[in-house]
Colleague: 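Could you have a look at this structure, given as structure tokens, before my questions?
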Amino acid sequence: MRTPHLETPLDGFIVHPVRTDADRYALEEWLQYETFLGIDTETEGLAYDDEVRLVQLANKNEAWVFDPKENAGIVQEIVLGHYDLVAHNATFDALALAKDPEKLMTVCEDTQIMAHLLDPRTTQDGGIGHGLKPLCDHYLGAGAIDGQTALKQRFKELGLTIASGFRNIDLWDDTYVVYGGLDAGLTVRLHDILAPKIKESGLNNIYEFERHVSRICAGMSARGIKVDMDHAIETYKELEDEELQAVRKVSIYGVENVNSTAQVAEALLARGVELTEKTNSGKWKVDKTVLNSLDDPVAELVQQAKSAGKAKESWVKPIAQEAFRNEGRVHPRIKTLGAKTGRMSVERFQQLPTADYRIRGCLIPDEGHTLVAVDYSQVEVRVMAYLAGERNLIEAFEAGEDVHSSIASRLYGDDFSPEQRSLAKAAIFGKLYGAGPKKLSETTGVSQNQAKKVMNGLNRSFPRLSRWSSTLVDKARFNGGFINTPTGRRLPVVRGYEYKVTNFITQATAADLFKGALVELSDAGYEENMLMVVHDEIIFQTQEDPEEFAAKVIEIMSGSLGDVPIEAEATIAESSWGSLYKKDLSLV
DNA sequence: ACTAGGAGCGCG
DNA sequence: AAAGCGCGCTCCTAGT
């Protein structure tokens with residue numbers, strides 16, 4: 001008996017639930033004639049160990065929706081790359097379906113990557129956005145209702161929350177099935193519109209590049225990183241204790257909740273502390289900088305409590321919880337197009353504190369392996385030197401010594417002081433980010449007048465930097481708010497904020513340099529060694545002699561950008577990832 | 001009960 | 001004329 005198909009709100013689009021043997025035969029037959037399929041999965045949730053509940057395959061007119069547990073053969077063929085596919089965020093579906101996402105991703109186009117390359121702005125940023133819903137609204141018109149919106153409504157009717165809905169809704173609930181199938185079909189229709197646009201816009205090379213990068217990073221997600229559970233639990237307890245003690249002490253001063261800025265401000269004012277800064281919404285500002293400038297026990301205790309609480313709740317607890325459910329490993333989720341500049345972002349494990357090395361100390365290599373971290377040194381400044389064609393800065397790098405010292409000697413002569421070196425360093429970073437004298441004086445503590453002098457000096461010593469920025473700003477103004485990077489990425493610039501282009505293009509170029517290194521490392525056979533990426537740093541583990549391994553990897557990652565040498569540096573961990581940061585503490 | 005935005009803090 | 005950039009996560013607060 002065939003299960004009747006379901007109608008959908010999308011013109012002429014139907015959905016076939018696959019529930020009986022007859023349904024399965026019909027699906028098998030359909031698959032024989034289809035050459036290109038949209039794929040989507042519905043999972044219990046977003047965690048690494050959440051299981052796939054439904055798989056949807058579609059062409060632009062119909063979708064087939066099946067339970068992967070009852071159709072293991074088809075799932076196997078998908079995972080082995082036997083069908084040409086398109087998904088919206090292929091990484092997610094590939095990781096949900098397979099422990100080894102490589103083969104699937106090799107044959108799977110990705111409309112999310114296409115969308116990001118065509119317009120990297122989020123909806124909040126004034127762009128089209130990268131979710132299936134906003135993209136369908138924009139490219140397919142109003143009739144194209146995506147699954148999420150309708151499902152939310154359905155969950156409400158059933159008295160379910162979003163989280164519990166995806167996990168608990170009846171597998172064959174009509175709305176669930178219809179909109180699941182619809183999403184796969186919409187992905188196909190979106191692909192039919194976006195793929196030609198990618199070609200027309202000359203973005204095909206970078207699209208294939210991004211797909212390759214996403215494949216490599218999905219591999220890292222799947223591999224995961226081993227967790228030292230004993231250490232994690234021990235650290236959790238220590239942090240809990242630190243937090244509790246500070247909370248107890250500060251409550252004597254009337255602060256019941258250290259995370260309430262209002263309470264903190266009130267307690268400080270009551271003690272006669274003078275607060276001077278306010279936030280945008282007119283409340284007293286009591287952030288780290290403000291609290292650090294105060295010599296007051298409340299300020300200190302609040303900070304202690306907050307930082308211990310943050311470390312405990314944001315980092316150690318999630319690591320321990322995930323490892324507990326996933327055979328002692330954490331699986332970072334890497335968004336290869338995390339930022340509009342093309343930079344990657346990593347959910348949960350990117351911003352682990354470095355100062356408190358107990359946190360990174362939770363992450364350890366597999367048995368018999370050593371962790372090796374390799375990062376690019378001052379890569380963005382180098383990229384800026386290259387893009388601006390600033391000879392003097394390039395020479396500073398070619399000299400091969402400490403570049404900030406080279407810059408300082410250009411500004412202050414050879415007998416510059418350590419303070420002047422720091423100032424030079426802050427100034428070049430300020431240049432990179434487009435800071436003014438006000439900001440520079442805030443970050444360095446020198447007067448605004450002095451900051452201005454430093455910046456003028458920098459401009460005199462490296463004249464091409466300023467000329468390059470103003471040319472870029474003009475370009476952005478006359479180019480419809482978009483500029484192109486050397487790798488062909490299109491970067492949007494908000495009107496009135498054109499000064500940001502210098503940072504955007506530098507960050508984007510550095511990101512592509514880094515992604516290029518990932519591809520080279522993969523080609524050279526080092527993919528299995530890669531565990532994690534952090535902007536311009538790769539964490540490897542190796543069974544080889546770590547020194548030799550590091551040398552080989554550095555060789556691959558190093559190179560040059562025009563005349564600018566690009567250098568990578570390695571640090572070898574004695575034990576955990578955290579052990580790399582212990583030396584920082586001894587310096588303090 | 002849930003959501004959105006602000007504030008704050010972590011990373012490069 | 002001047003403008004520090006890009007992220008993710010948690011907690012609080014106010015609004016629905």
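Every chain is numbered from 1, with letters handed out A, B, ... down the list of sequences. Only this structure's heavy atoms are used, side chains among them; waters, hydrogens and symmetry mates stay out. The shown structure was predicted, so the numbers you read here are calculated from the model rather than taken from an experiment.
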Colleague: Taking the basic N atoms (NZ, or NE/NH1/NH2) and the acidic carboxylate oxygens, is any pair closer than 4.0 Å for A/Lys237 and A/Asp241?
Modeller: no
Colleague: Is the shortest side-chain N/O distance from A/Lys500 to OP1 or OP2 of C/dC5 below 4.0 Å?
Modeller: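 Yes, because at least one side-chain N or O of A/Lys500 sits under 4.0 Å from OP1 or OP2 of C/dC5.
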Colleague: NA contact type, A/Lys288, heavy-atom cut-off 4.0 Å: base, sugar-phosphate, or nothing?
Modeller: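 It contacts sugar-phosphate atoms only.
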Colleague: Using a 4.0 Å heavy-atom cut-off across all strands, classify A/Arg333 as base, sugar-phosphate, or nothing.
Modeller: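 A/Arg333: no heavy atom of the nucleic acid under 4.0 Å.
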Colleague: Look through every strand shown and name the nucleotide pairing with C/dA3 as Watson-Crick or G-U wobble, where both distances are under 3.5 Å.
Modeller: none
Colleague: Does any residue of residues 430-442 of chain A have a heavy atom under 4.0 Å from DNA chain C, and if so, which ones, in number order?
Modeller: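 The stretch gives A/Gly430, A/Tyr433, A/Ala435, A/Gly436, A/Pro437, A/Lys438, A/Lys439 as the residues lying under 4.0 Å from the strand, ordered by number.
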Colleague: B/dG6 phosphate, OP1 or OP2: any side-chain N/O from A/Thr279 under 4.0 angstrom?
Modeller: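 A/Thr279 to B/dG6 OP1/OP2: no side-chain N or O under 4.0 Å.
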Colleague: After noting the C-alpha distance and the side-chain angles of A/Asp50 and A/Arg167, does the key distance pass the salt bridge (charged side-chain N to carboxylate O under 4.0 Å, His left out) rule?
Modeller: CA-CA 9 Å; A/Asp50 280 332; A/Arg167 192 173 296 276; 3.0 Å; yes
Colleague: When all nucleic acid strands are considered with a 4.0 Å heavy-atom cut-off, which category describes A/Phe504: base, sugar-phosphate, or nothing?
Modeller: sugar-phosphate
Colleague: Mind checking if A/Asn257 touches a base, just sugar-phosphate, or nothing, with heavy atoms under 4.0 Å?
Modeller: sugar-phosphate
Colleague: Side-chain N or O of A/Thr443 versus OP1/OP2 of C/dG4: is the shortest distance under 4.0 Å?
Modeller: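 So the side-chain polar atoms of A/Thr443 never come under 4.0 Å of the phosphate oxygens OP1 or OP2 of C/dG4.
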Colleague: Between A/Tyr499 and C/dC5, is there a contact of a side-chain N or O with OP1 or OP2 at under 4.0 Å?
Modeller: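 For C/dC5, OP1/OP2 do have a side-chain N/O of A/Tyr499 under 4.0 Å.
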Colleague: Whom does B/dG5 pair with, Watson-Crick or G-U wobble, provided both distances fall under 3.5 Å?
Modeller: C/dC12
Colleague: Report yes if at least one side-chain N or O of A/Thr261 is closer than 4.0 Å to OP1 or OP2 of B/dA7; otherwise report no.
Modeller: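 So the side chain of A/Thr261 is outside the cut-off, no N or O lying under 4.0 Å from OP1 or OP2 of B/dA7.
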Colleague: Should the side chain of A/Gln507 and the base of C/dG6 be counted as holding a donor-acceptor pair, with the cut-off at 3.5 Å?
Modeller: no
Colleague: Please determine whether the number of non-hydrogen atoms from other residues, nucleotides or ligands lying under 6.0 Å from atom NZ of A/Lys425 exceeds 12.
Modeller: no
Colleague: Can you tell me if A/Lys306 touches the phosphate of B/dG10, counting only side-chain N or O atoms and a distance under 4.0 Å to OP1 or OP2?
Modeller: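 No, outside the criterion.
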Colleague: Is A/Lys340 near enough to C/dG6 that one of its side-chain N or O atoms lies under 4.0 angstrom from OP1 or OP2?
Modeller: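 Checking A/Lys340 against C/dG6: at least one side-chain N or O falls below 4.0 Å of OP1 or OP2.
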Colleague: So, is A/Ser260 near the phosphate of C/dT13, with a side-chain N or O under 4.0 Å from OP1 or OP2?
Modeller: yes
